*Asks:* 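After the structure tokens below, expect a handful of questions from me.
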Amino acid sequence: MSATSLPIIGVVAAGAMGSAVASNLTKAGCTVLTNLDGRSEATRKRAHDAGMKDVSLADMACRADWVLSILPPSDAFSFAEKFLAEARDLSAAGAARKPLVFVDCNAVNPETAKRIAWLLGGSAVKFIDAGIIGGPPSPGYDPTFYASADEKDVGILDQFAKLSQYGLKISPLKGEGAGVGDASALKMSYAGITKGTTGIFTTMILAAHASSPATAQALLHELHSSQPVFLDRIKKIILPMMPKAYRWVGEMEEIAGFVGEGEGDIYNGLARLYERIEKSVEEGGGDVDVLKQFVDDAKRL
Ligand SMILES: *[C@@H]1O[C@H](CO)[C@@H](O)[C@H](O)[C@H]1NC(C)=O
């Protein structure tokens with residue numbers, strides 16, 4: 001990338017996060033490319049509103065300086081494979097072309113990030129591991145892109161951090177032992193704490209209620225008198241969690257893999273919980289009603 005030209009950035013996909021990130025980049029003057037093959041009308045509109053341009057993956061590989069992969073975790077590896085198949089020919093173009101950098105921003109097990117690094121290793125495409133902490137950018141709010149790279153690519157990591165000039169908040173993860181996998185490990189650890197505690201609160205409210213509605217009421221009053229900080233958190237996070245639960249299933253499984261057998265099994269349990277919430281959201285009633293009632297009662301105390 002020459003210092004004078006604005007960067008060209010591929011963002012896949014144009015989901016809630018991808019399109020909000022793209023919107024920041026296009027507002028800063030960057031060209032943002034995406035691929036809308038097989039995507040819904042709603043996604044096409046979101047992409048258009050964010051100023052994203054619909055191109056083939058081959059075109060994206062040809063034109064972009066950076067490609068940000070922002071997908072459900074289960075699609076991260078297969079997208080990297082698909083993209084690499086389109087980018088292979090670039091090796092032939094050789095040094096004439098500025099380097100293309102693939103940035104995996106997904107909530108994946110660090111092993112998955114390392115597998116993607118290994119996959120790209122034999123090509124001309126460079127790799128950065130990133131993890132986004134926080135929700136999509138919105139007025140006055142920015143998530144942080146933590147990013148790490150192997151020792152040999154530290155110059156590219158520094159260049160990536162400079163994209164901060166174009167509407168992204170980027171924090172390079174450097175220091176003792178840092179490399180590919182560590183930005184993902186940070187994301188897993190943070191999400192394991194935030195979404196993990198949300199899952200534990202939810203599990204025990206449902207278990208108390210299954211014992212009897214009176215037990216759930218007694219739990220509520222005991223939390224109110226002895227653990228007000230926990231109850232405040234319950235009031236804030238349980239309702240917003242429900243529509244997102246379907247996305248958290250895969251993320252919990254990635255965290256289970258990251259932590260490993262034993263303690264990591266906690267997160268397999270939480271994946272089952274979020275599946276159960278997803279089902280209740282689809283069908284209506286049941287768990288969703290129990291949780292709403294609990295939060296309503298907590299707010300009234
Ligand atoms: C990203 O866009 C939002 C508006 O949606 C803005 O408030 C925020 O400051 C932008 N972020 C950066 C780093 O410029």
Side-chain angles (χ1 to χ4, degrees), residues 1-36 39-55 60 63-72 76 100-107 126-149 153-175 178 182-184 186-187 189-191 194-195 236-237 239-241 243-244 247 251:
M1 185 197 339
S2 85
T4 49
S5 64
L6 286 161
I8 301 176
I9 302 171
V11 177
V12 177
M17 178 66 85
S19 60
V21 164
S23 168
N24 271 54
L25 290 167
T26 55
K27 271 185 219 143
C30 301
T31 300
V32 178
L33 310 175
T34 193
N35 177 259
L36 296 170
R39 300 305 303 254
S40 69
E41 230 9 81
T43 303
R44 287 171 180 275
K45 180 171 186 324
R46 206 164 38 221
H48 180 263
D49 292 348
M52 303 166 94
K53 293 193 167 70
D54 182 17
V55 300
M60 190 185 298
R63 290 171 60 194
D65 305 301
W66 307 91
V67 170
L68 310 185
S69 167
I70 305 181
L71 290 164
L100 167 62
V101 185
F102 186 92
V103 187
D104 183 89
C105 304
N106 301 304
K126 305 282 183 195
F127 181 68
I128 285 179
D129 175 27
I132 307 174
I133 293 190
S138 59
Y141 170 77
D142 286 294
T144 303
F145 283 69
Y146 285 93
S148 63
D153 291 329
V154 93
I156 288 174
L157 182 61
D158 290 339
Q159 291 242 357
F160 181 62
K162 287 194 188 138
L163 289 184
S164 298
Q165 313 166 50
Y166 304 109
L168 296 188
K169 187 173 166 197
I170 300 173
S171 179
L173 193 168
K174 290 181 175 174
D182 288 313
S184 292
L186 170 65
K187 165 75 185 175
S189 307
Y190 182 87
T194 54
K195 294 167 189 168
K236 231 175 262 158
I237 54 166
L239 298 186
M241 167 275 287
K244 296 185 234 166
R247 274 198 268 136
E251 196 170 339

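Values in this document were obtained by computation on a predicted structure and should not be read as measured data. Side chains included, hydrogens not; waters and symmetry mates left out as well; all remaining heavy atoms used. Index from 1, following the sequence. Atoms within a ligand are numbered from 1 in the order they appear, just like the ligands themselves.
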*Asks:* Pick one: which of I8, V11, T31 meets side chain to side chain contact (heavy atoms under 4.5 Å, CB included) with L25?
*Replies:*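 The side chain to side chain contact (heavy atoms under 4.5 Å, CB included) with L25 is passed solely by V11 among I8, V11, T31.
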*Asks:* Taking distance alone, with no angle check, do G140 and ligand 1 share an N/O pair under 3.5 Å?
*Replies:*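 So ligand 1 has an N or O lying under 3.5 Å from an N or O of G140.
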*Asks:* State plainly whether the residues K174 and D158 are in salt-bridge range, i.e. N to O under 4.0 Å.
*Replies:*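 Counted as a salt bridge, because a side-chain N and a carboxylate O are separated by less than 4.0 Å.
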*Asks:* Looking only at heavy atoms, is any part of S138 under 4.0 Å from ligand 1, and if so is it the side chain, the backbone, or both, or is it neither?
*Replies:*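 Within the 4.0 Å criterion, S138 contacts ligand 1 through backbone atoms alone.
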*Asks:* What residue and atom, counting heavy atoms only, is the protein's closest point to atom 8 (C) of ligand 1, and at what distance?
*Replies:*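 Going atom by atom, the protein heavy atom closest to atom 8 (C) of ligand 1 ends up being D142 OD2, 3.6 Å.
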*Asks:* Just verifying a value: how many Å separate I70 CD1 and T34 OG1, rounded to the nearest 0.5 Å?
*Replies:*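 So the CD1 of I70 and the OG1 of T34 are separated by 9.5 Å.
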*Asks:* So for ligand 1, is K169 a polar contact partner (N or O within less than 3.5 Å, distance only)?
*Replies:*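 No: no nitrogen or oxygen of K169 is under 3.5 Å from one in ligand 1.
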*Asks:* Drop me the distance from K169's NZ to I133's CD1, to the nearest 0.5 angstrom.
*Replies:*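 The CD1 atom of I133 is 10.5 Å from NZ of K169, to the nearest 0.5 Å.
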*Asks:* Looking only at protein heavy atoms, which one is nearest to atom 14 (O) of ligand 1, and how far off is it?
*Replies:*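 Result: G167 CA, 3.4 Å.
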*Asks:* Which of the numbered atoms in ligand 1 are under 4.0 angstrom from any heavy atom belonging to P139?
*Replies:*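 Every atom of ligand 1 under 4.0 Å from some heavy atom of P139: 4 (C), 5 (O), 7 (O).
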*Asks:* Using the test side-chain hydrogen bond (donor to acceptor under 3.5 Å, both in side chains), find all partners of S19 that sit at least two apart in sequence or belong to another chain.
*Replies:*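 By the side-chain hydrogen bond (donor to acceptor under 3.5 Å, both in side chains) rule, S19 matches no residue at all.
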*Asks:* Restricting to ring-ring contact (aromatic ring centres under 6.0 Å, His included), what partner residues turn up for F160, sequence neighbours left out?
*Replies:*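 Scan of F160 (ring-ring contact (aromatic ring centres under 6.0 Å, His included), adjacent residues dropped) gives W66.
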*Asks:* Decide whether an N or O pair under 3.5 Å exists between N24 and ligand 1.
*Replies:*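 Yes; at least one N/O pair falls below 3.5 Å.
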